[in-house]
Amino acid sequence: QLQLVESGGGSVQPGGSRRLSCTASGETVTYYTIGWFRQAPGKEREGVGCLGAHGTTTHFTDSVRGRFTISRDSAKNTVYLQMNSLKPEDTAVYYCAADPYYMCSDKVSNTESKYRDWGQGTQVTVSS
């Protein structure tokens, strides 16, 4: 099983950037599909994007496509969510999740049940 710890959250102004880290322990993160999710106050958790195992395939939900990217540093056993051009509606607790069998696809929404291992989340607040 993979233990995941998110970091990098904080406050940022609209239009700014933030990079979140998802550091794994227990096993090699390369062997897992990694998903990023977020939950805004009063809303359900939603899928943000995913990174396929072994390769570089990524998919994103429409609201962040072109602004967010996901990458992996195998040497650090860490996956990153780079968030650019941030908007107030991006304010949420961001979670990373991992699964050894699920394949990252363009169906990013409603995939929470596909992931086995979860981090504790990190808060991102976009406000002026």
Side-chain angles (χ1 to χ4, degrees):
Q1 193 161 0
L2 211 60
Q3 289 78 48
L4 302 172
V5 177
E6 301 95 335
S7 61
S11 296
V12 60
Q13 292 189 340
S17 297
R18 199 82 181 180
R19 188 179 76 165
L20 304 183
S21 300
C22 174
T23 301
S25 60
E27 295 189 35
T28 302
V29 72
T30 305
Y31 299 151
Y32 289 72
T33 288
I34 302 297
W36 282 96
F37 296 81
R38 66 186 180 184
Q39 187 166 18
K43 295 187 177 182
E44 294 185 352
R45 191 175 300 185
E46 66 168 344
V48 173
C50 58
L51 170 66
H54 302 288
T56 58
T57 298
T58 57
H59 291 282
F60 297 92
T61 193
D62 288 346
S63 62
V64 309
R65 190 176 298 116
R67 299 189 297 123
F68 290 12
T69 60
I70 300 174
S71 61
R72 177 174 49 233
D73 185 334
S74 298
K76 295 182 178 180
N77 218 29
T78 298
V79 174
Y80 301 101
L81 177 67
Q82 177 67 44
M83 305 183 294
N84 300 325
S85 302
L86 282 162
K87 305 175 181 180
E89 50 264 42
D90 295 318
T91 295
V93 177
Y94 283 74
Y95 301 87
C96 64
D99 195 270
Y101 303 113
Y102 180 63
M103 292 183 65
C104 174
S105 73
D106 58 0
K107 177 178 167 50
V108 174
S109 299
N110 300 314
T111 57
E112 290 88 331
S113 64
K114 305 298 186 182
Y115 292 85
R116 184 187 70 185
D117 305 321
W118 287 80
Q120 83 292 346
T122 186
Q123 174 73 47
V124 174
T125 302
V126 184
S127 174
S128 55

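Just so it is clear, the values below take in all heavy atoms, side chains as well, and ignore hydrogens, waters and symmetry mates. Index from 1, following the sequence.
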Roughly how far apart are [X] [atom1] and [Y] [atom2], rounded to 0.5 Å?
{"X": "Met103", "Y": "His59", "atom1": "CE", "atom2": "NE2", "answer": "9.0 Å"}
{"X": "Ile34", "Y": "Cys22", "atom1": "CD1", "atom2": "SG", "answer": "5.5 Å"}
{"X": "Leu2", "Y": "Thr28", "atom1": "CG", "atom2": "OG1", "answer": "8.5 Å"}
{"X": "Glu112", "Y": "Gln39", "atom1": "CD", "atom2": "CD", "answer": "9.0 Å"}
{"X": "Lys76", "Y": "Ser21", "atom1": "NZ", "atom2": "OG", "answer": "8.5 Å"}

Shortest non-hydrogen separation from [X] to [Y] and the atoms involved:
{"X": "Tyr32", "Y": "Pro100", "value": "CD2-N, 3.5 Å"}
{"X": "Pro14", "Y": "Ser128", "value": "CD-N, 3.7 Å"}
{"X": "Thr57", "Y": "Cys104", "value": "O-SG, 4.1 Å"}
{"X": "Gln3", "Y": "Gly26", "value": "OE1-CA, 3.7 Å"}
{"X": "Tyr95", "Y": "Gly119", "value": "CD2-O, 3.7 Å"}

Strictly distance-based, threshold 3.5 Å: is any side-chain N or O of [X] a donor or acceptor partner for the main-chain N or O of [Y]?
{"X": "Thr33", "Y": "Tyr102", "answer": "yes"}
{"X": "Arg67", "Y": "Met83", "answer": "no"}
{"X": "Asn77", "Y": "Glu27", "answer": "yes"}
{"X": "Asp99", "Y": "Arg116", "answer": "yes"}
{"X": "Glu6", "Y": "Cys96", "answer": "yes"}

Hydrophobic clustering (ILVMFWY, side-chain heavy atoms < 4.5 Å, transitive) - are [Y] and [X] grouped together?
{"X": "Val64", "Y": "Val126", "result": "yes"}
{"X": "Leu81", "Y": "Val108", "result": "no"}
{"X": "Ile70", "Y": "Val124", "result": "yes"}

Side-chain donor-acceptor pair under 3.5 Å between [X] and [Y], yes or no?
{"X": "Gln82", "Y": "Asn84", "result": "yes"}
{"X": "Tyr94", "Y": "Gln123", "result": "no"}
{"X": "Thr125", "Y": "Thr91", "result": "no"}

Could you check whether any side-chain heavy atom of Tyr31 comes within less than 4.5 Å of a side-chain heavy atom of Val29, counting everything from C-beta outward?
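Side chain of Tyr31 against side chain of Val29, heavy atoms only: no contact under 4.5 Å found.
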Return a table of donor-acceptor pairs under 3.5 angstrom between the side chains of residues 42-56 and protein atoms on other chains or two or more places apart.
unit_1: Glu46; atom_1: OE2; unit_2: Arg38; atom_2: NE; d: 2.6
unit_1: Glu46; atom_1: OE2; unit_2: Arg38; atom_2: NH2; d: 3.2

Sequence neighbours left out, what passes ring-ring contact (aromatic ring centres under 6.0 Å, His included) with Phe37? Give chain and number order.
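Counting only residues at least two positions away or on another chain, Phe37 forms a ring-ring contact (aromatic ring centres under 6.0 Å, His included) with Tyr115, Trp118.
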Inspect the contact between Asp90 and Lys87 and indicate whether a charged nitrogen and a carboxylate oxygen are less than 4.0 angstrom apart.
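Looking at Asp90 together with Lys87, the answer is no, because their closest N to O distance does not fall below 4.0 Å.
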Start with the C-alpha distance between Leu20 and Trp36, add both sets of side-chain angles, then the distance that settles side chain to side chain contact (heavy atoms under 4.5 Å, CB included), and finish with yes or no.
CA-CA 10 Å; Leu20 304 183; Trp36 282 96; 3.8 Å; yes
For side chain to side chain contact (heavy atoms under 4.5 Å, CB included), just list the numbers for Arg72 and Thr78, CA-CA rounded to whole Å, side-chain angles, deciding distance to a tenth of an Å, and then say yes or no.
CA-CA 6 Å; Arg72 177 174 49 233; Thr78 298; over 6 Å; no
